Protein chains: 2
Amino acid sequence: MEFVERRSGISLWRQIADQIRIAISNGEFSDTDMLPGELALAKRFEVNRHTVRSAIASLAREGVVRVEQGRGTFIAGHQRLHYPIGRRTRFSAGLAGQTRTLSGSLKESRMETASAQVAQALALDPGAPVVRLVRVSTADDVPLSRAISWFDGTRFPDFAERLAKQRSITAVLKSFGIDDYVRISTRISAHHADPQTLEDLRLSPGAIALRTEAINAEVGGRRVEYSNTYFAADRIELDIDHETPSTGL
Amino acid sequence: MEFVERRSGISLWRQIADQIRIAISNGEFSDTDMLPGELALAKRFEVNRHTVRSAIASLAREGVVRVEQGRGTFIAGHQRLHYPIGRRTRFSAGLAGQTRTLSGSLKESRMETASAQVAQALALDPGAPVVRLVRVSTADDVPLSRAISWFDGTRFPDFAERLAKQRSITAVLKSFGIDDYVRISTRISAHHADPQTLEDLRLSPGAIALRTEAINAEVGGRRVEYSNTYFAADRIELDIDHETPSTGL
DNA sequence: TTAATTTGTCTATTTATCTAGACAACTAGA
DNA sequence: TCTAGTTGTCTAGATAAATAGACAAATTAA
């Protein structure tokens with residue numbers, strides 16, 4: 001007997017779909033790689049069989065399971081990508097080897113004035129000109145993240161134009177004479193995805209966005225980039241590198 | 001005009017409540033600290049006024065807003081706690097100063113045999129005895145996290161009994177002669193909270209759990225603790241410490 | 001006081017979700 | 001082939017969510 005809550009604003013089929021998805025990721029059915037029958041699930045969640053069918057139909061649409069008449073419902077392996085975060089975090093390098101294809105597309109770019117938050121992160125004066133970019137990354141034809149980045153507009157006035165040609169942030173920074181940069185702070189939180197993120201990442205309402213708020217700086221400490229990245233939480237997890245403070249000893 | 005999706009398994013009032021909550025945390029209404037009127041919100045989301053009222057009622061139950069007849073709906077400040085994560089992560093110390101009260105309670109403890117995952121994390125053989133603890137932490141009378149920890153059962157047979165007296169993991173480890181330990185890996189992911197977590201953290205279905213999967217070890221590298229901690233995502237964010245690799249230079 | 005604007009409550013109706021049951025279609029094993 | 005167990009489809013009815021409109025109650029400012 002599991003818990004489903006009525007009148008919660010989440011339909012029963014959706015609560016059941018969420019619980020089955022979690023159970024799968026916890027390896028509950030890994031012995032057979034099959035879900036129990038619809039009648040068994042209906043009994044377990046104390047709902048009608050049709051309600052369970054709605055939940056399974058939703059999981060099938062997501063590609064989490066595959067249903068075969070007369071045989072049963074099979075689990076279609078569903079592994080999260082691993083994204084390492086540390087001082088030397090680089091997007092493409094971090095996911096290398098985990099996907100067949102990996103691409104990024106620039107959705108928006110504009111010059112704006114720095115909000116208090118952006119100004120503080122980049123160590124600029126509030127109202128200073130900044131370049132704001134929105135990029136969506138896609139791995140194996142599935143959107144993975146939506147990133148909003150800010151750069152000093154005075155120092156990097158044509159960042160967007162260069163990015164169109166260079167294809168990676170690292171390469172563009174190199175073209176500005178910045179050979180190396182490091183992550184100096186990362187803040188992680190989780191939210192229900194906002195409408196724009198839902199659309200760009202092809203998620204459905206209620207889906208979770210894992211947000212990283214990061215500051216990158218040159219080795220001397222001069223701020224280079226401030227970014228807010230929203231990952232589709234069901235497609236990725238973040239691995240934190242705890243580097244040894246004194247490597248040489 | 002904002003997006004609300006029908007037939008998605010999430011009721012309209014809940015989608016609207018989620019969007020208003022996000023808008024508040026983005027500072028959208030920070031100029032007046034008030035929500036727009038019910039009619040204005042109904043127009044913005046293209047729904048009936050009563051649907052907006054349901055959404056606001058839900059936010060009021062959560063304590064996010066406060067409604068006053070004839071005056072309007074006021075935003076009740078709602079700040080996330082900040083939990084620093086680094087090599088020297090300590091639960092109580094990390095949240096010190098951010099809350100009036102902070103307590104932890106042991107919900108379960110038992111000896112079990114190590115699963116493949118636990119065995120690998122603690123560098124034990126699968127099937128070896130391990131101590132499994134479930135602890136729930138509470139800050140200012142609101143549950144914050146649910147942590148499942150595993151320790152080597154051979155080395156720490158009476159860990160649970162000592163924890164009942166000592167009150168912190170660090171203190172218990174000290175009683176076993178371990179004066180210092182460091183975080184060697186942290187993996188972060190976000191999920192819809194499972195039913196047990198919903199109950200322990202007093203969340204409603206659809207709520208988000210921010211999960212950290214962590215390994216702590218002695219300075220020599222010997223594994224001490226493996227833990228899975230589920231935080232209420234709307235009450236906390238995680239700050240990653242990117243320590244400088246060579247501090248002395 | 002008055003008017004305008006706000007939230008609160010009530011009734012009625014429509015639409016979506018969930019339940020209930022029956023039976024068809026398909027699969028695997030006896 | 002037969003049977004038991006599975007998913008697929010249909011009908012009907014009950015419950016919950018959303019819409020629509022009217023008016024009450026409280027607040028604010030003119």
Side-chain angles (χ1 to χ4, degrees), chain A residues 1-20 29 31-76 204-206, chain B residues 1-20 29 31-76 204-206:
Chain A
M1 302 306 158
E2 320 260 328
F3 303 103
V4 282
E5 188 171 321
R6 289 160 197 260
R7 288 188 210 74
S8 65
I10 317 269
S11 62
L12 297 184
W13 66 260
R14 199 173 180 113
Q15 292 184 52
I16 291 167
D18 288 343
Q19 290 198 34
I20 293 175
F29 312 115
D31 47 345
T32 59
D33 275 341
M34 284 187 72
L35 253 48
E38 295 172 351
L39 285 168
L41 287 171
K43 191 165 190 179
R44 168 166 163 178
F45 291 108
E46 298 179 287
V47 297
N48 191 274
R49 174 179 160 235
H50 297 293
T51 308
V52 167
R53 281 179 60 74
S54 298
I56 291 174
S58 155
L59 293 172
R61 274 195 303 275
E62 292 176 37
V64 176
V65 299
R66 179 174 34 78
V67 184
E68 293 185 26
Q69 180 171 0
R71 303 227 301 147
T73 303
F74 299 84
I75 293 166
S204 32
Chain B
M1 302 304 159
E2 321 260 328
F3 303 103
V4 283
E5 189 170 319
R6 288 158 198 263
R7 288 188 215 72
S8 65
I10 316 265
S11 62
L12 298 183
W13 66 261
R14 207 186 170 102
Q15 292 184 52
I16 291 167
D18 287 344
Q19 289 196 33
I20 292 175
F29 312 116
D31 47 346
T32 59
D33 275 341
M34 284 187 72
L35 253 48
E38 294 172 351
L39 285 168
L41 287 170
K43 191 165 190 181
R44 167 166 165 177
F45 291 109
E46 298 181 287
V47 298
N48 191 274
R49 173 178 162 234
H50 296 292
T51 309
V52 167
R53 281 178 60 75
S54 298
I56 291 175
S58 155
L59 294 171
R61 275 195 302 276
E62 291 177 37
V64 175
V65 298
R66 180 173 35 77
V67 185
E68 295 184 23
Q69 182 171 357
R71 305 227 303 144
T73 304
F74 299 83
I75 294 166
S204 32

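Quantities reported herein were computed from a predicted structural model and do not represent experimental measurements. Residue numbers start from 1 in every chain, and the chains themselves are labelled A, B, ... in the order their sequence lines are given, proteins ahead of strands.
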Fill in: Phosphate contact (dT17(C) OP1 or OP2) by T51(A) side-chain N/O below 4.0 Å
no
Worksheet item: Is any side-chain N or O of W13(A) closer than 4.0 Å to OP1 or OP2 of dT17(C)?
Response: no
Worksheet item: Bend angle of the helix from dT1(C)-dA30(D) to dA30(C)-dT1(D) from five-pair axes at both ends, rounded to 10°?
Response: 30°
Fill in: Closest to the L12(A) side chain, choosing from dT7(C), dC18(C), dT19(D)
dC18(C)
Discussion item. If the cut-off is 4.0 Å, is S11(B) near the phosphate of dA16(D), judged by side-chain N/O to OP1 or OP2?
Written reply: no
Item to complete: Search all heavy atoms of S8(A) against all heavy atoms of R14(B) and return the closest pair with its distance.
Response: O-NH1, 2.6 Å
Practice prompt. Establish whether the base of dA17(D) is bridged to the side chain of H50(B) by a donor-acceptor pair shorter than 3.5 Å.
Written response: no
Discussion item. Between P on dG5(D) and CG on L39(A), what's the gap in Å once rounded to a whole number?
Written reply: 11 Å
Worksheet entry | 5' priority, DNA chain C, between G9(B) and T73(B) [closest heavy atom] | T73(B)
Discussion item. Judged by each residue's nearest nucleotide on DNA chain D, which is more toward the 5′ side, G70(B) or E68(A)?
Written reply: E68(A)
Worksheet, complete the sentence: Considering only heavy side-chain atoms of N48(A), the closest of dA20(C), dT7(C), dG8(D) is dA20(C)
Worksheet entry | Phosphate OP1/OP2 of dT6(C): any R71(B) side-chain N/O under 4.0 Å | no
Worksheet entry | Heavy-atom closest pair, residues W13(A) and A55(A) | O-CB, 3.2 Å
Worksheet entry | Check: dG8(C) base within 3.5 Å donor-acceptor of R49(B) side chain | yes
Worksheet item: Side-chain N or O of R14(B) less than 4.0 angstrom from OP1 or OP2 on dA18(D)?
Response: no
Worksheet item: Quick one: does R6(B)'s side chain get under 4.5 Å of V47(B)'s, heavy atoms only?
Response: yes
Item to complete: Considering just the side-chain nitrogens and oxygens of R53(A), establish if one lies under 4.0 Å of OP1 or OP2 belonging to dT7(D).
Response: no
Response to the item:
Result for 5'-nearest mapping on DNA chain D, choosing between R7(A) and G37(A), is G37(A)
Worksheet item: Atom CD of Q69(A) and atom C1' of dC23(C): how far apart are they, to the nearest Å?
Response: 13 Å
